[in-house]
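These notes are about the structure you will find just below.
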Amino acid sequence: MEALYGPIKDYAWGSRSSLAELQGRATSDGPEAELWLGAHPGAPAAVERDGSRVALTDVLAAAPVDWLGQSVLDRFGPRLPFLLKVLAAAAPLSLQAHPDAEQARSGYATENARADGHRNYVDPFHKPELLVALGPMEALCGFRAPATSAAVLAGLGVPQLRPVLDALAAGPAGLAEAVRLLLTWPAAERAGLVAAVRTAAVGGPDGDLVELLAETYPADPGVLVALLLNRVRLAPGEAIWMPAGNLHAYLRGIGVEVMAASDNVLRGGLTPKHVDVAELLRVLRFEVLEQPVVSPRPVADGVVNWPVPVPDFALHRVTVDGGRPEVTLPVPGPRVVLCTSGRLTVTDGVAPVALDRGQAAVGPAAAGPLTVTGAGAAYVASTGLV
């Protein structure tokens with residue numbers, strides 16, 4: 001194993017204190033949104049070589065078989081197929097969804113031929129995601145039952161919403177039309193609609209959510225689309241799984257996120273960035289998500305995971321303490337380990353690395369099983385190949 005040093009993204013919605021607290025340093029002067037621990041070309045983490053830091057992308061390129069293993073090379077090509085992050089949100093992120101593998105491939109190929117240079121697809125890969133809360137976390141994830149959403153909207157008593165209510169009356173079959181109506185609402189009327197809903201929602205079951213979103217985006221119909229989604233409050237260790245086509249937005253909190261290594265994001269609102277409504281509607285899955293929260297599953301003494309139906313990544317949490325000072329995790333490499341509490345030593349039979357809270361390590365496929373000792377907890381990201 002080797003120490004891994006990840007860059008921090010300073011997106012405006014980031015917290016000034018959460019990542020600093022995790023890493024045991026002073027509060028930041030500016031927002032710190034995401035700690036990236038992987039080999040994504042947009043912000044690769046680094047390892048040390050001869051006293052200087054070298055991008056993990058360069059390390060993998062120099063020895064792809066040793067680092068990735070033949071099975072990863074055969075399935076994904078010469079790249080690390082997953083990216084581990086710590087996400088720290090002090091303000092809501094955009095409403096967004098991600099394409100499936102075929103949509104990503106075709107969209108990327110089509111947009112390569114665009115003359116205007118605009119891109120929704122920056123790579124040919126899908127981007128399913130799993131987020132596990134490190135502390136209390138709130139998010140919007142997947143569509144709730146249309147009847148529930150219709151009752152909430154009807155309770156607002158805003159006449160302009162009648163077409164949306166009519167669409168929701170058709171049940172799940174009407175979700176697409178309800179979302180389309182809201183996201184294509186006439187631009188000149190959006191501020192008035194959001195203001196009417198904001199006033200009507202005061203004191204209601206979703207009043208604080210409307211206020212949170214409308215305060216920053218007072219003319220964004222995404223404020224209304226948010227009322228069609230499950231509002232999720234995660235306790236530490238609980239997760240949400242976001243497959244292709246799942247509409248979601250993180251609201252606030254800190255969590256460990258693992259995803260397929262892609263930057264393909266289709267936004268639907270709550271953002272100053274580009275929104276392509278037509279393409280978003282094409283990739284969304286208008287299905288009711290009855291249970292958005294995923295609980296950890298014990299797989300061994302001191303080890304839990306959150307199973308996902310993709311081969312790009314897997315995530316385990318390892319806990320060691322005085323009564324269980326050592327855990328061996330036989331997941332295949334390559335592996336990225338993030339210590340989230342205590343002090344640990346991780347080794348793969350080649351070299352041990354000591355980790356304090358907020359520190360990370362990486363190991364190649366050619367090494368042996370991962371062993372964790374000490375007292376604390378760590379998240380281990382690997383591929384989902386077996």
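Index from 1, following the sequence.
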Inset, instruction - Verify the distance criterion only: is there a donor paired with an acceptor across the side chains of Asn305 and Arg297 at less than 3.5 Å? - result: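 Yes, a side-chain donor-acceptor pair sits under 3.5 Å.
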Legend entry - Whether over 12 other heavy atoms sit under 6.0 Å from Asp74 CG: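 Above 12, so yes.
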Inset, instruction - Mark yes when over 12 heavy atoms from residues, nucleotides or ligands other than Glu102 sit less than 6.0 Å from its CD; otherwise mark no. - result: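 Yes - once you tally the heavy atoms of other residues, nucleotides and ligands closer than 6.0 Å, there are more than 12.
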Legend entry - ILVMFWY cluster, Val337 and Val327 together (side-chain gap under 4.5 Å):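 Per the 4.5 Å side-chain linkage, Val337 and Val327 are co-clustered.
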Inset, instruction - Could you give me the CA-CA distance, side-chain angles and deciding distance for Leu251 and Leu213, then say whether side chain to side chain contact (heavy atoms under 4.5 Å, CB included) is met? - result: CA-CA 9 Å; Leu251 299 176; Leu213 302 178; 4.1 Å; yes
Inset, instruction - Begin with the C-alpha distance, continue with both residues' side-chain angles, and end with the deciding distance and a verdict on salt bridge (charged side-chain N to carboxylate O under 4.0 Å, His left out) for Lys9 and Asp263. - result: CA-CA 14 Å; Lys9 294 286 194 175; Asp263 262 346; over 6 Å; no
Inset, instruction - Check for a donor-acceptor pair, side chain of Asn230 on one end and backbone N or O of Gly142 on the other, with a separation under 3.5 Å. - result: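 Pair found, side chain donor or acceptor close to backbone of Gly142.
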Legend entry - Backbone N/O of Phe125 and side chain of Asn264: donor-acceptor pair under 3.5 Å: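 Side chain of Asn264 to backbone of Phe125, a donor-acceptor pair under 3.5 Å: yes, one is there.
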Legend entry - Side-chain heavy-atom pair Phe313, Pro128 within 4.5 angstrom cut-off: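 Yes. Closest side-chain heavy atoms under 4.5 Å.
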Legend entry - Validation row: Leu73, Pro78 side chains within 4.5 angstrom (heavy atoms):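 A side-chain contact exists here, since the closest heavy-atom pair is under 4.5 Å.
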Inset, instruction - Report the C-alpha distance between Leu95 and Leu280 in whole Å, list the side-chain angles of each, state the deciding distance to 0.1 Å, and finish with yes or no for side chain to side chain contact (heavy atoms under 4.5 Å, CB included). - result: CA-CA 10 Å; Leu95 276 174; Leu280 176 68; over 6 Å; no
Legend entry - Verdict with supporting geometry, Gln96 and Leu270, side chain to side chain contact (heavy atoms under 4.5 Å, CB included): CA-CA 9 Å; Gln96 58 186 261; Leu270 308 180; over 6 Å; no
Inset, instruction - For the residue pair Tyr250 and His248, categorise the inter-ring angle as parallel (less than 30°), tilted (30 to 60°) or perpendicular (more than 60°). - result: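 If you compare the ring of Tyr250 with that of His248, the planes turn out tilted.
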Legend entry - Distance under 6.0 Å and angle within 45° of ring axis: Lys273 vs Tyr11: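 Here Lys273 passes the 6.0 Å and 45° test against Tyr11.
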Inset, instruction - Evaluate the salt bridge (charged side-chain N to carboxylate O under 4.0 Å, His left out) criterion for residues Arg49 and Glu2: first the C-alpha distance (whole Å), next the side-chain angles of each, then the deciding distance (0.1 Å), finally the verdict. - result: CA-CA 10 Å; Arg49 290 286 190 277; Glu2 299 182 60; 2.3 Å; yes
